[in-house]
Participant: 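Before I ask anything, let me first share the structure, which is written out below as structure tokens.
Remember, predicted model here, so these are calculated numbers, not experimental data.
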Amino acid sequence: MRAFGFLSFGHYMNARGSQTRTAADMILQAVDLGVGADEIGVNGAYFRVHHFARQQASPMPLLATIAAKTKHIEVGTGVIDMRYENPLYLAEEAAALDILSGGRIALGISRGSPETVVRGYEAFGYTGSTDPRGADIARTKFDLFMRAIGGDRLAQGDASASGGQMMPIEPRSATLRDHIWWGSATRETAEWTGRQGLNLMSSTLLTEDAGMPFDELQAEQILRFRKAYRGAGHTGAPRVSVSRSVFPIMNAQDAAYFGDAADRHDGIGVIDGFRSTFGRTYAAEPDVLIEQLKKDRAVALADTLMLTIPNQLGPDYNLHILESFARHVAPALGWKSNRDGPVTGDRIA
């Protein structure tokens with residue numbers, strides 16, 4: 001681990017104890033959190049994307065705002081649900097964001113998470129999927145998105161305006177492809193990601209159960225990704241991120257919120273019809289956290305650790321979590337502040 005960021009689901013609800021009661025609260029607090037994290041030296045501000053739910057849904061305005069108000073922090077998604085996207089419009093938006101941010105983006109994209117509605121992407125106008133979960137249209141649209149950002153000529157030009165030549169989308173950014181990640185939930189999709197030459201984003205759950213601890217299963221996922229990347233002939237330095245719930249216990253308030261999470265271990269359950277493995281929650285005093293995280297094989301293999309945050313506790317408390325981690329835990333794990341420059345992946349020989 002060389003870098004860490006926060007991953008927010010962007011929950012909001014008018015409920016007791018919530019400091020994030022409305023959509024406006026959620027969006028404006030996310031900006032405050034991104035700006036505050038940048039000042040601490042945190043490397044990344046990442047947001048989940050869900051539709052038909054009281055969560056973050058349309059990330060581009062938020063990411064552009066945070067990027068405009070900061071100088072160092074990377075902004076990104078974990079993940080954009082490709083089933084809901086127009087791939088050419090997304091290519092235009094992503095290129096503009098890459099340019100505006102000076103390349104400080106990490107766009108995680110995938111088929112998306114389990115939905116709160118049935119085939120909600122069809123309500124957005126994207127029909128034709130023969131897969132119950134829409135994975136087929138997600139991959140097809142992602143392929144078109146990648147062709148678009150690569151400059152492929154995709155539309156027939158008007159004879160009077162362009163001489164009838166095929167035309168690419170505009171604007172385009174030469175660095176955008178380097179900032180695209182695939183959100184992988186299995187070892188198989190990690191291998192596919194490696195063959196595509198993309199960056200790998202792995203979450204706090206994997207939709208498979210191989211009878212081994214979560215960190216070992218995720219570590220195997222990362223190693224298979226890198227082997228596939230190398231086997232496909234790619235020679236770059238792909239980024240790898242993993243997500244964890246990590247809470248340094250610094251005071252009585254921290255203990256009240258998360259003290260009982262210290263005994264939580266890996267879990268097994270069923271998500272979206274798949275038997276899945278869930279990562280544990282880490283909650284302890286800093287010296288204990290350091291030893292626990294040093295033993296986490298996937299954290300050791302990744303360049304970036306994303307800390308899932310309880311955003312409904314408000315930006316002040318979440319900045320306390322991030323600052324506690326930055327001051328008392330991260331340096332012992334190899335962390336470098338965002339002031340030390342952009343995060344890089346491991347070179348694949």
Side-chain angles (χ1 to χ4, degrees), residues 1 3-21 25-26 29-30 32-34 36-37 40-48 54-55 78 202-206 213-218 241-269 271 276-300 302 304-335:
M1 186 203 96
F4 83 92
F6 68 84
L7 175 62
S8 173
F9 283 51
H11 293 291
Y12 60 95
M13 183 179 297
N14 187 16
R16 182 181 179 183
S18 174
Q19 295 191 36
T20 312
R21 294 175 177 266
D25 290 339
M26 179 269 292
Q29 289 177 12
D32 291 342
L33 185 57
I40 292 169
V42 175
N43 306 90
Y46 312 105
F47 298 89
R48 289 290 295 268
R54 290 185 175 181
Q55 298 180 44
S202 188
S203 186
T204 52
L205 70 88
L206 298 173
F214 177 82
D215 70 306
E216 293 183 13
L217 180 60
Q218 195 172 46
S241 73
V242 296
S243 300
R244 293 288 185 274
S245 297
V246 181
F247 303 104
I249 304 299
M250 306 299 299
N251 55 38
Q253 184 180 33
D254 299 332
Y257 279 140
F258 303 109
D260 64 346
D263 296 327
R264 296 180 192 171
H265 301 287
D266 295 348
I268 301 295
I271 292 290
S276 303
T277 308
F278 303 81
R280 59 169 294 183
T281 294
Y282 292 97
E285 294 182 350
D287 57 338
V288 176
L289 283 182
I290 290 169
E291 294 308 311
Q292 291 175 334
L293 291 169
K294 281 183 176 180
K295 295 176 183 177
D296 189 307
R297 291 189 60 206
V299 170
T304 300
L305 173 62
M306 296 184 181
L307 304 182
T308 61
I309 59 167
N311 75 278
Q312 284 184 283
L313 293 180
D316 290 343
Y317 184 73
N318 281 289
L319 287 171
H320 159 70
I321 293 173
L322 297 176
E323 186 167 22
S324 298
F325 188 81
R327 286 190 175 185
H328 303 288
V329 180
L333 303 176
W335 172 62

Participant: Measuring from N43:CG to W335:CH2, what's the distance to the nearest 0.5 Å?
Facilitator: 6.5 Å
Participant: Are any of the side-chain heavy atoms of Y282 and P248 separated by less than 4.5 Å?
Facilitator: no
Participant: Restricting to non-hydrogen atoms, name the atom on F214 and the atom on S203 that form the minimum distance, rounded to 0.1 Å.
Facilitator: CZ-O, 3.5 Å
Participant: At what distance, to the nearest 0.5 angstrom, does CZ of F247 lie from CD1 of I309?
Facilitator: 9.0 Å
Participant: Determine whether the aromatic ring centres of F6 and Y46 lie less than 6.0 Å apart.
Facilitator: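 No; Y46 has its ring centre 6.0 Å or more from that of F6.
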Participant: Is there side-chain contact between V329 and L293, with heavy atoms separated by less than 4.5 Å?
Facilitator: yes
Participant: Do Q312 and T20 have a side chain donor and acceptor closer than 3.5 Å?
Facilitator: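 Q312 vs T20: no donor-acceptor pair found between side chains.
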Participant: Have N311 and Y12 got a donor and an acceptor in their side chains that come within less than 3.5 Å?
Facilitator: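 On atom types as modelled, these side chains do not qualify, holding no pair under 3.5 Å.
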Participant: Rounded to the nearest 0.5 Å, what separation is found between the OG1 atom of T304 and the CG atom of L7?
Facilitator: 12.5 Å
Participant: With a sphere of 6.0 Å drawn around CZ of R21, does it hold more than 12 non-hydrogen atoms of other residues, nucleotides or ligands?
Facilitator: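 Result for CZ/R21: enclosed.
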Participant: What I'd like to find out is whether the side chain of L333 reaches to under 4.5 Å of the side chain of F325, using heavy atoms alone.
Facilitator: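 Yes, their side chains come closer than 4.5 Å.
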Participant: Could you please spell out the steps behind the salt bridge (Lys or Arg N to Asp or Glu O under 4.0 Å) verdict for E291 and K295?
Facilitator: CA-CA 7 Å; E291 294 308 311; K295 295 176 183 177; 5.8 Å; no
Participant: Just how far is it from atom CZ of F47 to atom CD of Q55, taken to the nearest 0.5 Å?
Facilitator: 13.0 Å
Participant: If you draw a 6.0 Å radius around CE in M13, do more than 12 non-hydrogen atoms from other residues or ligands fall strictly inside?
Facilitator: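 Check fails, neighbour count at 12 or below.
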Participant: State, with a plain yes or no, whether a side-chain heavy atom of P310 is found less than 4.5 Å away from one of I321.
Facilitator: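 A side-chain contact exists here, since the closest heavy-atom pair is under 4.5 Å.
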Participant: The criterion is ring-ring contact (aromatic ring centres under 6.0 Å, His included); which residues satisfy it with Y317, sequence neighbours excluded?
Facilitator: Y257, H320
Participant: Looking only at heavy atoms, what is the nearest atom pair of G10 and M26, with distance?
Facilitator: O-CG, 3.2 Å
Participant: For the residue pair S243 / T308, report whether a side-chain donor-acceptor contact shorter than 3.5 Å exists.
Facilitator: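 Per modelled atom types, T308 and S243 side chains form no pair under 3.5 Å.
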